[in-house]
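Note that the coordinates shown come from a computational prediction; the quantities given were computed from them, not determined experimentally.
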Amino acid sequence: QVQLVESGGGLVQAGGSLRLSCAASENIFNFNNMGWYRQTPGQERELVARINVGGVTSYADDVKGRFTISRDGAQNTVYLQMNNLKLEDTAIYYCRAAILRTTYWGQGTQVTVSS
């Protein structure tokens, strides 16, 4: 069973930065893609950033230029560097990994941006 463990969330002031980590229990290059999603109460989980096995990245429009997704194959870890954080970035952030039609999720990490 694949396990994804997120870390790095916390409380930060607007304009600040955080780096989230997602450690996978197996080789991240086994996955077709990995990504970060976020969810706020009453809202659907939404894509923030994604990276595919070839290294191609994509981002939600509202985080482009502020967030960067990256990976370290030696550590089997995917990162989300979040800069210039805004109040509206407050959410639970989830790591997701997909192999063909099978999807795996981490437990989530809370990010709270204060004014």
### Query
Rounded to the nearest 0.5 Å, what separation is found between the CE atom of Met34 and the CG atom of Asn32?
11.5 Å
### Message
With rounding to the nearest 0.5 angstrom, report the CG to CZ distance, Leu20 to Phe67.
### Response
8.0 Å
Between [X] and [Y], is there shared hydrophobic-cluster membership here, with clusters defined by ILVMFWY side-chain heavy atoms closer than 4.5 Å?
X     : Y      : result
Tyr59 : Val111 : yes
Leu80 : Val5   : no
Val63 : Val12  : yes
Tyr94 : Leu47  : yes

Do [X] and [Y] make a side-chain contact, defined as non-hydrogen atoms from C-beta onward lying under 4.5 Å apart?
X      : Y     : result
Thr102 : Val2  : no
Tyr79  : Thr68 : no
Gln107 : Glu6  : yes

Looking only at atom types and distance, does a side-chain atom of [X] sit under 3.5 Å from a main-chain N or O of [Y], one as donor and one as acceptor?
X      : Y      : answer
Thr90  : Val113 : yes
Asn52  : Asn33  : no
Tyr104 : Gln1   : no

#### Entry: side chain to side chain contact (heavy atoms under 4.5 Å, CB included) evaluation trace for Ile28 with Asn76
CA-CA 5 Å; Ile28 60 173; Asn76 288 328; 4.1 Å; yes
### Query
Pick from Asn84, Asn83, Asp89: which one makes a side-chain hydrogen bond (donor to acceptor under 3.5 Å, both in side chains) with Arg66?
Asp89
### Message
Once side chain to side chain contact (heavy atoms under 4.5 Å, CB included) is applied, do any residues pair with Ala91, and if so which ones, sequence neighbours excluded?
### Response
Arg38, Thr40, Tyr93
### Task
Please report the shortest heavy-atom distance between Leu87 and Ser114, naming the atom on each side.
CD2-C, 3.5 Å
## Note on the structure
Of all heavy-atom pairs linking Ser21 and Thr77, the shortest is CB-CG2, 4.1 Å
### Task
Sorted by first residue and then second, give each ring-ring contact (aromatic ring centres under 6.0 Å, His included) pair with at least one member in residues 25-45; sequence neighbours left out.
Tyr37-Trp105
### Message
Would you say CD of Glu46 has more than 12 non-hydrogen atoms from neighbouring residues, nucleotides or ligands within 6.0 angstrom?
### Response
yes
### Query
Is the number of heavy atoms from other residues, nucleotides or ligands within 6.0 Å of CD (Glu88) greater than 12?
yes
#### Entry: Where at least one partner belongs to residues 13-115, residue pairs that pass disulfide bond (SG atoms under 2.5 Å apart), sequence neighbours excluded
Cys22-Cys95
